Asker: 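Right, I'll just put the structure down here and ask away after.
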Amino acid sequence: MATETTTTELTDGFHLVVDALKLNGIDTIYGLVGIPITDLARLWQAEGGRFIGFRHEQHAGNAAAIAGYLTQKPGICLTVSAPGFLNGLTALANATTNCFPMILISGSSEREIVDLQQGDYEEMDQLNAARPYAKAAYRVLHAEDIGIGVARAIRAAVSGRPGGVYLDLPAKLLAQAIDAERGRQSLVKVVDPAPRQIPAADAVARALDVLKGAKRPLILLGKGAAYAQADAAIRALVEKSGIPYLPMSMAKGLLPDDHAQSASAARSYVLAEADVVMLVGARLNWLLSHGKGKTWGAPVPKRFIQVDIAPTEIDSNVAIAAPVIGDIGSCVEALVAGIGAGFPKPDAQWLGAIAERKAKNAAKMAETLAKDPVPMNFHSALRAIRDVLAPRPDIYVVNEGANTLDFARSIIDMREPRKRLDSGTWGIMGIGMGFAIGASVTTGKQVVAIEGDSAFGFSGMEVETICRYNLPVCIVVFNNNGVYRGTDVNPTGGKDVAPTVFVKGARYDRMMEAFGGIGRNAATPAELTAALNEAIASGRPTLINAVIDEAAGTESGRIGNLNPQSAAKKK
Ligand code: ADP
Ligand code: TZD
């Protein structure tokens, strides 16, 4: 029977998904097509959306996640059912772990068959598989619920602590036809998806009191602070208070790394000696030795102030004297407002001691960097890259590996916020090409991906994607013939190489040439400099195979202490 809103025009699940995403300002989908979502991708493109197709879903997911981190809008990854979904799930879990907002949308098989385990094409209970790795997981069964489903997914991804969200779209839903007007009315434009969360006045006052009592205060900036895009407020907090600060890896550049108050070059000293530490968007996880032990100069008692949007983060590892719960912009603005002219400046002796350590460590590093060994080592290669990047703070740096990650983090200074994108909270390998593509597609800017040869291998096939979309991405592979290094030998003398060893003298540059990009082999810092300059000047897809001494790396880079020692080795 005809109702007031009924028209003869019909719409379906495919159109409603596209309309719901577009209505909420989503312009790009990263994904990989197949049954049942190929037509969804086609329609998305036909309706003016950008579809970036990948060679493996994990990298599409990583691109979506980093787009979310850079824009504060959820990055969208689209996959097929079961295996495609599972390939994307690693990226979803990594996004949740790192607090990046993304939505994994996967097509799925028929519910009735899946639930009775009758063996459908790519059968899997995806919703339940996603749940433990996602901030939220939803399934839509009726076309008129697509609008609400997409709205819930967007809000869950970006509000509060951001994270990964799973949205399950059964094949049947996509083909479901409903009245077009009813469909239009079912769409939801999310109002204020990530509302500001204002900190309580007494929490701010308590934090300022703790700070006032400090003799040796320290501010620790994490990637939550970078994500928040409260750059001016954070700078004001640091500069008005005069407190030295340390950026976590992805917070580098929030203030320029050559800022006078940066204590990066005196990291161990300030962590051990500070008496009050203010964490801003940083968690006391393994990357900060859980806030205790030798790193923190135990048994010296520390007092922590923690600014975070997630109340359950507080006291997760050690007692927090002054929690400030809210979005970083609002919290930091409130703190800055409380730092008046009479606010005590940090002790001059403290600042002097830090300056002294910094100078000493910087001199030591300069000496190491001045050497020109043949073949190149990590330092001489990174010196070359550092010097090319110095006048170009707008370039995005993607970085993964073990030694390649640890050395690049300390040698390559960042001068603008959110320009360093790396292995993050898990120390995961495989984010390289996904992050590079996501950053480049989102911003249109040049990306330089500094990759261990093992790290690169996880996503290496995406060089085709980089060439296909002609992205300004230059990959530098630090080729030392293996995982960490290339010198291990099989103790049995058998024909298999050692577990850490790759093909020697591989030419990764030729992978890029295979798809029409530029490949360069660089055996010296001068060759590396020339190739990188050429890549940046041309903006063309480029891969530089940087030949690094195979004996240069240390096992696990700087986290070798986390390797369990075998009883036999200990003896
Ligand atoms: P890092 O690895 O750089 O130390 P983490 O990923 O451990 O950083 O910590 C980021 C923290 O920032 C998380 O605890 C998260 O809840 C918080 N966070 C993310 N976005 C915001 C925001 N907009 N406002 C406040 N806190 C935020
Ligand atoms: N698999 C995944 C998904 N993540 C990981 N972190 C690892 C395996 C273990 N791993 C590291 O932690 S670093 C690394 C692996 C395999 C690669 C190190 O070798 P590399 O870098 O060639 O990338 P360097 O610079 O030569 O050390």
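All ligand and atom numbering here is 1-based and tracks the order in the structure. Computed from a predicted model, the values in this text were never measured in an experiment.
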Asker: Any idea which atoms of ligand 1 are less than 4.0 Å away from a heavy-atom of Tyr227?
Answerer: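 Listed by number with element, the hits are 20 (N).
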Asker: Would you check the N or O atoms of Asp453, main chain and side chain alike, for any that come under 3.5 Å of an N or O of ligand 2?
Answerer: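 There is such a contact, yes.
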Asker: For atom 4 (O) of ligand 1, what's the nearest protein heavy atom and its distance?
Answerer: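 Among all protein heavy atoms, the one nearest atom 4 (O) of ligand 1 is Met248 CG, 3.3 Å.
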Asker: Given that the side chain starts at C-beta and the backbone is N, CA, C, O, which of these parts of Asn285 lies under 4.0 Å from ligand 1, counting heavy atoms, or is it both or neither?
Answerer: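 Side chain only.
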Asker: Looking at atom 7 (O) of ligand 1, what's its closest protein heavy atom, distance included?
Answerer: Arg283 NE, 2.8 Å
Asker: Using a strict 4.0 Å threshold on nitrogen-to-oxygen distance, state whether Asp231 and Arg418 make a salt bridge.
Answerer: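 Yes.
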Asker: May I ask you to identify the nearest protein heavy atom to atom 10 (C) of ligand 1, giving residue, atom name and distance to one decimal place in Å?
Answerer: Gly281 O, 3.1 Å
Asker: For ligand 2, note which part of Trp426 has a heavy atom under 4.0 Å away: side chain, backbone, both or neither.
Answerer: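 Trp426 to ligand 2: no contact under 4.0 Å from either part.
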Asker: Taking both backbone and side-chain atoms of Phe478, is any N or O found less than 3.5 Å from an N or O belonging to ligand 2?
Answerer: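 Phe478 vs ligand 2: no N/O contact under 3.5 Å.
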Asker: Taking Pro323 as the fixed residue, which of Ile314, Asp315, Ile305 is the one that meets the side chain to side chain contact (heavy atoms under 4.5 Å, CB included) rule?
Answerer: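 Of Ile314, Asp315, Ile305, side chain to side chain contact (heavy atoms under 4.5 Å, CB included) with Pro323 is met by Ile314 alone.
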Asker: Would you say ligand 2 has an N or O under 3.5 Å from any N or O of Gly482?
Answerer: yes
Asker: Considering distance alone, does some N or O of Ile309 sit under 3.5 Å from an N or O of ligand 1?
Answerer: yes
Asker: From the options Arg196, Gln197, Lys223, select the one whose nearest heavy atom is closest to atom 6 (O) of ligand 1.
Answerer: Lys223
Asker: Decide if atom NZ of Lys364 counts as having more than 12 heavy atoms of other residues, nucleotides or ligands within a radius under 6.0 Å.
Answerer: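 Open.
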Asker: Once you restrict to heavy atoms under 4.0 Å, what part of Phe378 touches ligand 2? Side chain, backbone, both or neither.
Answerer: side chain
Asker: For ligand 2, is there an N or O atom under 3.5 Å from any N or O atom of Ile428?
Answerer: no
Asker: Is the closest heavy-atom distance from Gly326 to ligand 1 below 4.0 Å?
Answerer: yes
Asker: May I ask you to identify the nearest protein heavy atom to atom 24 (N) of ligand 1, giving residue, atom name and distance to one decimal place in Å?
Answerer: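 Ranked first by proximity to atom 24 (N) of ligand 1 is Ile328 N, 2.9 Å.
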Asker: When you measure from atom 19 (C) of ligand 1 to every protein heavy atom, which one gives the shortest distance, and what is it?
Answerer: Gly224 CA, 3.7 Å
Asker: Return yes or no for this condition: an N or O of Asp308 is under 3.5 Å from an N or O of ligand 1.
Answerer: yes
Asker: Quick one: does ligand 2 sit under 4.0 Å from the side chain of Asn403, the backbone, both or neither, non-hydrogen atoms only?
Answerer: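 Asn403 to ligand 2: contacts from backbone and side chain alike.
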